[in-house]
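Here's the structure, in structure tokens; my notes come after.
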Amino acid sequence: MLIVVDRSPDGGMLLTDDDGTIELPAAELAATVAAREREPGEPPRWVWSDTAARYPELLAAGARVERCHDLRLVDAILAGVDGRAPEPALARTVEFVRPPMPRPQVEALFEFDDVVFDGSSAPVPAVRPGGPDLGRPAPVPTLAATQRADLARDRGPGAPRPRALALLAAAESAGALAAVEMQSTGLPWSAETHDALLTELLGPRPEAPGARPASLTALGAEVERLLGAAPGSIPLDSPPELVKALRRAGLEVSSARSWELRRLDHPAIEPLLRYKKLSRLLSANGWNWLDAHVRDGRFRPSYVPGAVVTGRWGSDGGGALQLPKQIRGAVQADPGWVLVVADAAQLEPRILAALSHDAAMARAGAGEDLYAGIVASGAVESREQAKLGMLGAMYGGTTGQSARVLPRLQRAFPDAIRFVEEAARAGERGEHVRTRLGRTSPAPSEAWRERQLIAASDAATAAQRDEARSAARAWGRFTRNFVVQGSAAEWALSWMAGVRRRLWSPEGGPLASQPHLVFFLHDELIVHAPRERAPEVEQVMRAAAVDAGRLLFQGSPVSFPVTVATVERYSDAK
DNA sequence: TAGGGATGCGCG
DNA sequence: AAAGCGCGCATCCCTA
């Protein structure tokens, strides 16, 4: 059952389902939603313009929602498919149609047939645009485009999932719900432990605001001494000044980057690198960060589904997706609770194996460690080579060890390598590529196209040709990676949606009082759970991973194992 | 002095 | 051992 949520012109709320439209005061929305969620049978799918705008209030009022359809996120996906710009006004306008669709036999995870819209039918039911602030009436992102695209795709073994875009719409929307829930419950964070870690590494917190820890000042002075400079004479935090100072000391450097400094043989380098590391920790995740972002034992970043073109999430506030390993010890379960930390082992190469139907690579991934499997296949000598080679293949590396290993990987895994090469060539030609579920890569810029055109003309200079070629290659590296990173993001969303669905119990009380998701990092999930329920949560994480593999790659021999650890602190997970 | 670009580095 | 993809954020530096 679809229920469309919209504002009414007089400030109330309109709920529309198959039985018609009702209007209710805005203050009663949460109670109504909660009641509908409690009704026996299949839970409704709430259709609204923006989960991030609508759901926090509902959740805060105790109305946890099982499924939704986020018009804004889905329109962004469909705009990519159609090659048009997303229409913000459209997402605020609710008008939809529901074609009679046979319920699929098997899709226990997502009942997504009801998210398929078809603009060609007469609208039933149709909801007029609500409030005075709404944009012009427009058809809601019809998934007609999705059906066309899906039908146009290959058939046969290993063909994309049927109605893939409808599945993507459901997964993206489920992610939006999870994002709001994770921000709401927050990541358990011990300010005390964080402070202890900082004190151990940097010394005590300086009393005066803005003052630097004494340890950092001392380390800076040592660097200056070893460079033969007066104390306080080198602004170590200014890259240009640092480069100048290093040059004065006879060191050939072109930048202040750590990896470049590491190659130098000079007594000042070791303390300098230590200084940079500690300085970074202080500015990015020091006491200021702690004051700003941790409250009542929780870190509550906002997650931004769909922030990245590939479909990965972004985050806003506190750098949630860049938590350095140095401070992960501060992520600490409540007393009597644990963190169940799971991550997908070698997710991207496994995704590539499945996308490309590479049987040899599927065999290499039969165990828990795909890279070890590649070594066992005889393609390369070491795990490190296997990893570097695969990363190079997926990112488009052209130099160093990864490029040297590539020919051997190509011989052993021709289908996988051909797949990413073809994605790269398509990008170089300015074409679109698609993820497994049909998210479409953006078009290169107008400037990019012009450059290619100019370079192709007879009048082009050698420099123009070089530049155009280099830009083409760069875009090819992007599309090469897009298919893998984007499909991996879809797997991860499906995984997360499955974990979320399996964890929730309507009888379990408020979300935070039962096992719940608290963190998501591209291929990694953390659940906060009462200790005695950890074994059950571990099983949920594994089972949802198996489901995700089936949802995206039904019939594929590629497995997607997850490593799971039950710990009190995040830093103990691996 | 506000703001945008560049740099560097954290994560996957 | 560093270079190839995608980000967010703090800081520096330059410009308007």
Side-chain angles (χ1 to χ4, degrees), chain A residues 210 212 235-243 253-264 272-273 275-286 288-289 292-293 301-328 343-349 351-352 382 384-385 387-406 420-421 423-424 427 433 435 439 441-442 470 473-489 491-492 519-525 570 574:
Chain A
R212 311 208 85 198
L236 293 174
D237 299 314
S238 164
E241 296 296 327
L242 177 57
V243 168
V253 287
S254 57
S255 78
R257 294 187 180 94
S258 292
W259 65 262
E260 190 177 348
L261 303 185
R262 233 181 294 277
R263 298 190 316 205
L264 302 172
L272 175 56
L273 291 171
Y275 174 91
K276 285 169 79 84
K277 186 89 180 161
L278 290 176
S279 177
R280 162 82 191 187
L281 174 66
L282 177 68
S283 69
N285 296 98
N288 291 343
W289 182 93
H293 294 107
S302 60
Y303 297 91
V304 190
V308 183
V309 280
T310 58
R312 276 190 174 182
W313 287 12
S315 71
D316 193 10
L321 305 184
Q322 306 133 252
L323 289 182
K325 302 202 164 156
Q326 282 165 307
I327 55 155
R328 291 187 179 182
D343 82 272
Q346 310 93 40
L347 178 59
E348 292 198 347
I351 290 288
L352 174 56
S382 69
E384 208 49 27
Q385 281 182 336
K387 184 173 177 176
L388 279 170
M390 285 310 301
L391 288 176
M394 293 184 297
Y395 293 163
T398 54
T399 60
Q401 168 120 348
S402 76
R404 281 202 294 283
V405 178
L406 189 61
V420 284
E421 290 296 328
V433 294
T435 60
R439 198 185 298 262
S441 67
S470 151
R473 290 233 168 95
W475 196 254
R477 287 193 298 275
F478 166 63
T479 52
R480 171 197 292 267
N481 187 248
F482 183 94
V483 293
V484 178
Q485 185 184 118
S487 300
W491 184 94
F519 195 56
F520 173 55
L521 185 54
H522 308 312
D523 61 357
E524 190 171 334
L525 286 173
Y570 188 14
K574 52 180 173 181

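We name chains A, B, ... by the order of the sequence lines, and we start the count at 1 in each one. This structure is a prediction, so every number in the text was calculated from the model and none was measured. The basis for the numbers below is simple: all heavy atoms, side chains too, and nothing from hydrogens, waters or symmetry mates.
Between the NZ atom of A:Lys387 and the C1' atom of C:dA3 there is a distance of 15 Å, given to the nearest Å. In this entry the distance linking CG of A:Leu273 with C1' of C:dA1 reads 15 Å, nearest Å. Taking atom CG on A:Leu521 and atom C1' on C:dG6, their separation rounds to 12 Å, with Å as the unit. Distance CZ (A:Arg262) to C1' (C:dA1): 11 Å, rounded to an integer number of Å.
Among the atoms of the strands shown, none is found under 4.0 Å from any heavy atom of A:Ser402. Contact annotation for A:Ala403: no contact, since no heavy-atom pair falls under 4.0 Å across all strands. Contacts of A:Leu391 with the nucleic acid, taken as non-hydrogen atoms under 4.0 Å apart, are absent. Counting any heavy atom pair closer than 4.0 Å across all strands shown, A:Arg473 reaches no nucleic acid atom. Residue contacts for A:Leu242: at a heavy-atom cut-off of 4.0 Å it reaches no nucleic acid atom on any strand shown. A:Gln401 comes within 4.0 angstrom of a base, heavy atoms only.
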With a 3.5 Å cut-off and sequence neighbours excluded, list the donor-acceptor pairs that the side chains of residues 320-328 of chain A form with protein atoms.
| from | atom 1 | to | atom 2 | distance (Å) |
| --- | --- | --- | --- | --- |
| A:Arg328 | NE | A:Leu323 | O | 3.1 |
| A:Arg328 | NH1 | A:Tyr570 | OH | 3.2 |
| A:Arg328 | NH2 | A:Leu323 | O | 3.0 |

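When all heavy atoms are compared, the tightest approach of A:Leu388 to A:Ser402 is O-CB, 3.2 Å. A pairwise comparison of heavy atoms in A:Tyr275 and A:Arg212 identifies OH-NH1, 2.7 Å as the closest pair.
Summarising the geometry, atom CD belonging to A:Gln385 is positioned 9.0 Å from atom CZ belonging to A:Arg404; distances are rounded to the nearest 0.5 Å. Rounding to the nearest 0.5 Å gives a distance of 6.0 Å between CG of A:Asn481 and CD of A:Glu348. Considering NE2 of A:His293 and CG of A:Asn285, their distance stands at 9.5 Å, rounded to 0.5 Å. Once rounded to the nearest 0.5 Å, the distance linking CG of A:Leu272 with CG of A:Leu236 reads 6.5 Å. Taking OG of A:Ser382 as the reference point, atom CD of A:Gln401 lies at 6.5 Å (rounded to 0.5 Å).
For DNA chain B, the span of nucleotides reached by chain A at under 4.0 Å from its heavy atoms goes, 5' to 3', from B:dG8 to B:dG12.
Summary of the strand contacts: A:Gly400 and A:Gln485 both lie near DNA chain C, and taking for each the nucleotide with the nearest heavy atom, the more 5' one is attributed to A:Gly400.
A sub-4.0 Å separation between OP1 or OP2 of C:dC5 and a side-chain N or O of A:Arg477 is present.
Here B:dG5 is in the anti range [glycosidic angle more than 90° from 0].
Partners of A:Ser315 according to the side chain to side chain donor-acceptor pair (under 3.5 Å) rule, which considers only residues two or more places apart in sequence or in another chain, do not exist here. Every residue was checked against the side chain to side chain donor-acceptor pair (under 3.5 Å) condition with A:Tyr303, not counting sequence neighbours, and none meets it.
Relative ring orientation between A:Trp475 and A:Phe478 is described as tilted, the plane-to-plane angle lying within the 30° to 60° band.
Considering only heavy atoms from C-beta on, A:Leu352 comes within 4.5 Å of A:Met390 through its side chain.
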>> Both atom distances under 3.5 Å, Watson-Crick or G-U wobble: I'd like the secondary structure of DNA chain C as a dot-bracket string, with | for pairs made across strands.
In response: ....||||||||||||

>> Across nucleotides 7-16 of chain C, 5' to 3', mark each nucleotide with B, S or - according to how protein heavy atoms within less than 4.0 Å reach it.
In response: SBSSSSS---

